[in-house]
Amino acid sequence: MTEVDYSTTDSVPRPADANLMPPLPPQPKSLRETGLERQLVVELIAKLMFVSGKTHLSVLTTRLRLSINVLREVLDFMVTEQMVEVAWRGESEIDVQYQLTGAGKQRACAFLERCAYIGAAPVTLDAYRAMVARQSWQAQEQRVASDDLAVVLGGAHAGPGMLDMVGAALYSGRSLLLYGPPGSGKSTLALQLGQLLHGLVAVPYAIVVGHDIIQLYDPAQHQPPAPQHVSHARQALERRSTDIRWVLCQRPVIHVGAELDADMLELRHDASGGCYQAPPHVRANNGMLIIDDLGRQRLGAQELLTRLMQPLARGSDQLGLPGGVKLSMPFDNALVLATNVPPGELFDPALLRRIGYKVQVGPLADSAYRALFRQQCRVAGIAFDEQVLTYLLQQLHGAQGRPLLASYPGELLARITDFAGFAGCEARLTVAALEQAWSSLFASCDMPSASLCERIA
């Protein structure tokens, strides 16, 4: 069943005076300042030229995310080694195109066979560790406040002590378990809590460990700065004073569900891309990791939580590379779990105690359900009718004993809109329209278990 937004506002405001800009590293002015081995940059340049042909210096800067000074230093070496030659030169020193020599093409082909990665130059693991520590989500200058939580939870929805428990979990950095029946709004609540992590963070395109490259930035999961913050981010890049191997993003909120398995928690080799892909809990660094539908994964809930709790407590996870190489990767995120299963059925008492905070998300109070229904009417663009809502509460919910779950208002209104659209008329909140929507939502759930032949007979 679809989970919906049960807050009484459409968005969560972020404070305008928060310190939004992380301390980005300065732009490396030499190869030594990048922390990279020359051979790695040589290979990146050669592979890019192999697939692109004649390549302008500005294109190399854009694709490899390295400054002109660094690239020219390496290109001069490649020219000396007769791997690269100048194909065309304009009036300025930077208006120049390069191309591979015959020998350079042979070496580039060998580079590609060994590692097909062509992309942004990586940063070192040490540089990444330092950045994660510097911009830890627990070190936000502006902590999550009770007013922010009230906006997300809705004053009417928050049961006794619920707001305090969720707030304490976010403040402490300890894990949070949301449990309750399907449709109670756990997934939506978890995602909205992620919106409360203030500020921007710097995420590297990739990390290098020895000769292996680990791709970390994912544009589908690392969201660009919100509109009100775009100008700040653009100014930082236009000054050309920062290391462009890093991307400014909102604090990540990574959401995984029943698809999560043991392999997804390890480095995964991408043969086509020629690199390793970082697991979800690494991509969630400096933000929030949400594990939804806990208990439905192929990996048992007990095993899954055991796998994550110790690395979370120590702030680092041990990940493996070929040859038995182990690397210590930062683990800095708020861990939020959501499940429809009673926690006692998922975990033994010892492991359950290790979960920092357990919060039950159940049916709404009458007043909260009314407030949510009004809000969902505004979202759907359907005129609200108090009498129809009273009918829903007393004659439908009341008569059938169905709990007031947060998903129901949006589900019902969406179906009213569907039926009206099919009929070619305007969606209106009437008793007839509501009963039609209610029947479409619950009829199949209430069908007798007798077979079709028995019913016909």
Of all pairs that satisfy ring pair (Phe, Tyr, Trp, His ring centres under 6.0 Å), the ones with a partner from residues 257-286, not counting sequence neighbours: H269-Y276, H281-F331
Ring pair (Phe, Tyr, Trp, His ring centres under 6.0 Å) contacts touching residues 292-314 (sequence neighbours left out): none
Give a yes-or-no answer on whether the side chains of [X] and [Y] include a donor-acceptor pair shorter than 3.5 Å.
X: N285; Y: Y128; value: yes
X: Q215; Y: Q277; value: yes
X: R251; Y: Q135; value: no
X: E435; Y: Y391; value: yes

Exercise answer: donor-acceptor pairs, residues 200-213 side-chain atoms, under 3.5 Å, sequence neighbours excluded:
none

Counting only N and O atoms by type, is there a donor-acceptor contact under 3.5 Å from the side chain of [X] to the main-chain atoms of [Y]?
X: S136; Y: A133; result: no
X: Q27; Y: L66; result: no
X: R314; Y: S316; result: yes
X: K47; Y: Y117; result: yes
X: Q297; Y: G295; result: yes
X: S440; Y: A437; result: yes
X: Q250; Y: P224; result: yes
X: T124; Y: G35; result: no
X: E33; Y: K29; result: yes
X: R283; Y: L216; result: yes

Hey, are the side chains of [X] and [Y] touching, using non-hydrogen atoms and a 4.5 Å cut-off?
X: L176; Y: L178; value: yes
X: S67; Y: T61; value: no
X: L191; Y: H255; value: yes
X: V256; Y: D292; value: no
X: R245; Y: L36; value: yes
X: T390; Y: V388; value: no
X: L337; Y: L305; value: yes
X: L312; Y: D317; value: no

Drop me the distance from [X]'s [atom1] to [Y]'s [atom2], to the nearest 0.5 angstrom.
X: Q376; Y: F384; atom1: CD; atom2: CZ; result: 12.5 Å
X: F111; Y: I118; atom1: CZ; atom2: CD1; result: 12.5 Å
X: E43; Y: L48; atom1: CD; atom2: CG; result: 13.5 Å
X: L404; Y: R370; atom1: CG; atom2: CZ; result: 9.5 Å
X: N286; Y: Q138; atom1: CG; atom2: CD; result: 10.5 Å
X: L434; Y: L389; atom1: CG; atom2: CG; result: 9.0 Å

Steps toward side chain to side chain contact (heavy atoms under 4.5 Å, CB included) verdict (T339, L177): CA-CA 8 Å; T339 183; L177 173 65; 4.0 Å; yes
Could you give the side-chain donor-acceptor pairs of residues 342-357 under 3.5 Å, partners two or more places apart or in another chain?
from, atom 1, to, atom 2, distance (Å)
D348, OD1, A350, N, 3.2
D348, OD1, L351, N, 2.7
D348, OD2, Q302, NE2, 2.5

Taking all heavy atoms of [X] and all of [Y], pick out the closest pair and write down the distance.
X: M288; Y: V336; result: SD-CG2, 3.8 Å
X: E259; Y: R298; result: O-NH2, 4.1 Å
X: A380; Y: L413; result: CB-CB, 4.5 Å
X: L44; Y: P122; result: CD1-CD, 4.2 Å
X: C377; Y: L429; result: SG-CD2, 4.2 Å
X: D332; Y: W137; result: OD2-N, 3.2 Å

K186 with D293: basic N within carboxylate O range, under 4.0 Å: no
N333 and I254: CA distance, side-chain angles, deciding distance, side chain to side chain contact (heavy atoms under 4.5 Å, CB included) verdict: CA-CA 10 Å; N333 49 64; I254 307 299; over 6 Å; no
For [X], I'd like to know if atom [atom1] has over 12 heavy atoms of other residues, nucleotides or ligands within 6.0 Å.
X: Q318; atom1: CD; answer: yes
X: R129; atom1: CZ; answer: yes
X: R32; atom1: CZ; answer: no
X: E426; atom1: CD; answer: no

Those residues that, when tested against D164, pass salt bridge (Lys or Arg N to Asp or Glu O under 4.0 Å) (two or more places apart): none
Test side chain to side chain contact (heavy atoms under 4.5 Å, CB included) applied to L304 and L294, step by step: CA-CA 9 Å; L304 172 59; L294 193 63; 3.6 Å; yes
All ring pair (Phe, Tyr, Trp, His ring centres under 6.0 Å) counterparts of H397, not counting sequence neighbours: Y369, Y408, W438
Salt bridge (Lys or Arg N to Asp or Glu O under 4.0 Å) evaluation trace for R415 with E411: CA-CA 6 Å; R415 283 165 169 71; E411 291 276 11; 2.7 Å; yes
CA sep, side-chain torsions, deciding dist, call: R268, D263, side chain to side chain contact (heavy atoms under 4.5 Å, CB included): CA-CA 8 Å; R268 179 178 57 84; D263 290 341; over 6 Å; no
L319: which of I214, V282, L265 passes side chain to side chain contact (heavy atoms under 4.5 Å, CB included): V282
